[in-house]
Amino acid sequence: MSLLLLRELTAGHNGVPVVRDLDLEVHPGEIVALLGPNGAGKTTVLETAGGVLQPLGGTVRVEGQPVRGVQRAAALGVSYVREGRGLFTQLTVRENLQLRTHSRRSARRLLPRYPVLEALADRRVGLLSGGEQQLLAVACALSVEPRILLIDEMTMGLAPVAVKQLLALVREAADQGVAVLFVEQHVQDALRLADRACVLRHGELVAQGTTEQLAEQLEALHDSYFDMSLPHGRPATPPA
Ligand SMILES: Nc1ncnc2c1ncn2[C@@H]1O[C@H](COP(=O)(O)OP(=O)(O)OP(=O)(O)O)[C@@H](O)[C@H]1O
């Protein structure tokens with residue numbers, strides 16, 4: 001049974017739909033990538049799944065329970081790493097974890113799980129690299145033991161070594177049963193991590209499947225996808 005289920009979802013801003021009739025599900029332990037060009041509606045989907053936006057039509061459900069609002073989403077086990085990461089940059093790594101878990105003890109217990117962060121425990125977050133901040137954002141999101149993890153712009157701007165650590169962390173969470181839905185600009189990283197992927201274009205689902213199936217479909221879709229690199233290191237062909 002799917003843990004996160006979007007059914008005939010229409011979503012948007014100020015009553016104006018940007019995503020129409022979207023069906024998408026994520027099972028426990030599954031990692032699903034949401035791909036598509038700029039403005040396709042990927043963040044809008046995550047915001048609606050995370051309870052930040054109310055659906056304009058259709059439903060968002062977690063194990064059959066409707067998601068209405070951020071608090072309800074959190075109570076149902078949804079943890080959301082938004083673009084910008086939502087960290088307190090004036091506070092240290094340790095303090096950010098403490099705030100998230102409401103407990104010094106939990107933060108102490110959690111830090112050894114993340115050696116990179118443990119080494120930086122008393123450094124102000126504003127002084128960390130983008131990759132370290134993203135690792136902390138995901139660690140904070142995982143600290144509440146979510147059932148569903150939503151991550152926006154997961155690897156944007158990060159160095160390869162940080163991307164590797166991040167992908168390993170997300171895979172580990174999925175291996176423990178967390179359902180992951182993430183937005184990624186970099187198709188190669190997305191297909192490296194995901195079990196399945198969905199491609200949005202102008203708010204509509206234009207392709208979906210396992211990462212292997214999607215790699216083939218992406219070739220066919222390359223005209224609309226010229227702003228992203230294709231898998232296997234082949235650059236997409238820009239329009240003439
Ligand atoms: N707060 C907002 N108010 C009004 N319109 C918005 C708002 N946020 C996004 N939009 C519009 O909704 C559409 C989809 O935006 P969204 O951020 O979901 O796309 P995206 O696929 O995540 O894009 P990107 O990859 O560039 O982040 C865009 O046309 C955008 O201008």
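Please read these numbers as outputs of a predicted model, since none were measured by experiment. Note that the numbering runs from 1 along the sequence shown for the chain. Keep in mind that the numbers below use all heavy atoms, side chains included, and drop hydrogens, waters and symmetry copies.
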Exam field: side chain [X] to backbone [Y], donor-acceptor pair closer than 3.5 Å:
{"X": "Ser2", "Y": "Leu5", "result": "no"}
{"X": "Asn96", "Y": "Phe88", "result": "yes"}
{"X": "Gln133", "Y": "Val125", "result": "yes"}
{"X": "Thr92", "Y": "Asp122", "result": "no"}
{"X": "Arg171", "Y": "Leu193", "result": "yes"}
{"X": "Glu172", "Y": "Leu169", "result": "no"}
{"X": "Gln134", "Y": "Gly131", "result": "no"}
{"X": "Lys42", "Y": "Leu200", "result": "no"}

The single option from Leu4, Val78, Val62 that satisfies side-chain contact (heavy atoms from CB on, under 4.5 Å) with Arg147 is Val62
How close do [X] and [Y] get, counting heavy atoms only, and between which atoms?
{"X": "Leu117", "Y": "Ala139", "answer": "CD1-CB, 3.7 Å"}
{"X": "Ala141", "Y": "Arg100", "answer": "CA-NH2, 3.9 Å"}
{"X": "Pro55", "Y": "Val60", "answer": "CG-CG2, 4.2 Å"}
{"X": "Leu191", "Y": "Ala197", "answer": "CD2-CB, 4.2 Å"}
{"X": "Glu184", "Y": "Met154", "answer": "OE1-CB, 3.6 Å"}
{"X": "Asp195", "Y": "Gly29", "answer": "OD2-O, 4.0 Å"}

Rounded to the nearest 0.5 Å, what separation is found between the [atom1] atom of [X] and the [atom2] atom of [Y]?
{"X": "Leu22", "Y": "Cys198", "atom1": "CG", "atom2": "SG", "answer": "7.0 Å"}
{"X": "Asp152", "Y": "Tyr80", "atom1": "CG", "atom2": "OH", "answer": "5.0 Å"}
{"X": "Leu181", "Y": "Arg196", "atom1": "CG", "atom2": "CZ", "answer": "9.5 Å"}
{"X": "Ile151", "Y": "Leu166", "atom1": "CD1", "atom2": "CG", "answer": "6.5 Å"}

Would you please name every residue forming a side-chain hydrogen bond (donor to acceptor under 3.5 Å, both in side chains) with Arg20, sequence neighbours left out? none
Check this for me, if you would: do Glu118 and Arg113 make a salt bridge, where the nitrogen-to-carboxylate-oxygen distance has to be below 4.0 angstrom? no
Electrostatic pair Arg123-Glu132, nearest N-O below 4.0 angstrom: no
Provide the full list of side chain to side chain donor-acceptor pair (under 3.5 Å) pairs with a residue in residues 7-17, sequence neighbours left out, each pair given once. Arg7-Asp23, His13-Thr44
Could I get the full list of side chain to side chain contact (heavy atoms under 4.5 Å, CB included) partners for [X], not counting sequence neighbours?
{"X": "Gln165", "result": "Val116, Leu135, Val161"}
{"X": "Pro28", "result": "Leu3"}
{"X": "His202", "result": "none"}
{"X": "Gln65", "result": "Arg72, Leu76"}

With the 4.5 Å side-chain cut-off for hydrophobic clustering, are [X] and [Y] part of the same group?
{"X": "Val18", "Y": "Leu46", "result": "yes"}
{"X": "Leu111", "Y": "Leu87", "result": "yes"}
{"X": "Leu167", "Y": "Val81", "result": "yes"}
{"X": "Leu34", "Y": "Leu53", "result": "no"}

Does Arg201 reach the side chain of Val206, with side-chain heavy atoms less than 4.5 Å apart? yes
Can you find a heavy atom in the side chain of Cys140 that is under 4.5 Å from one in the side chain of Leu97? yes
Counting only heavy atoms not in Gln54, do more than 12 fall under 6.0 Å of its CD? yes
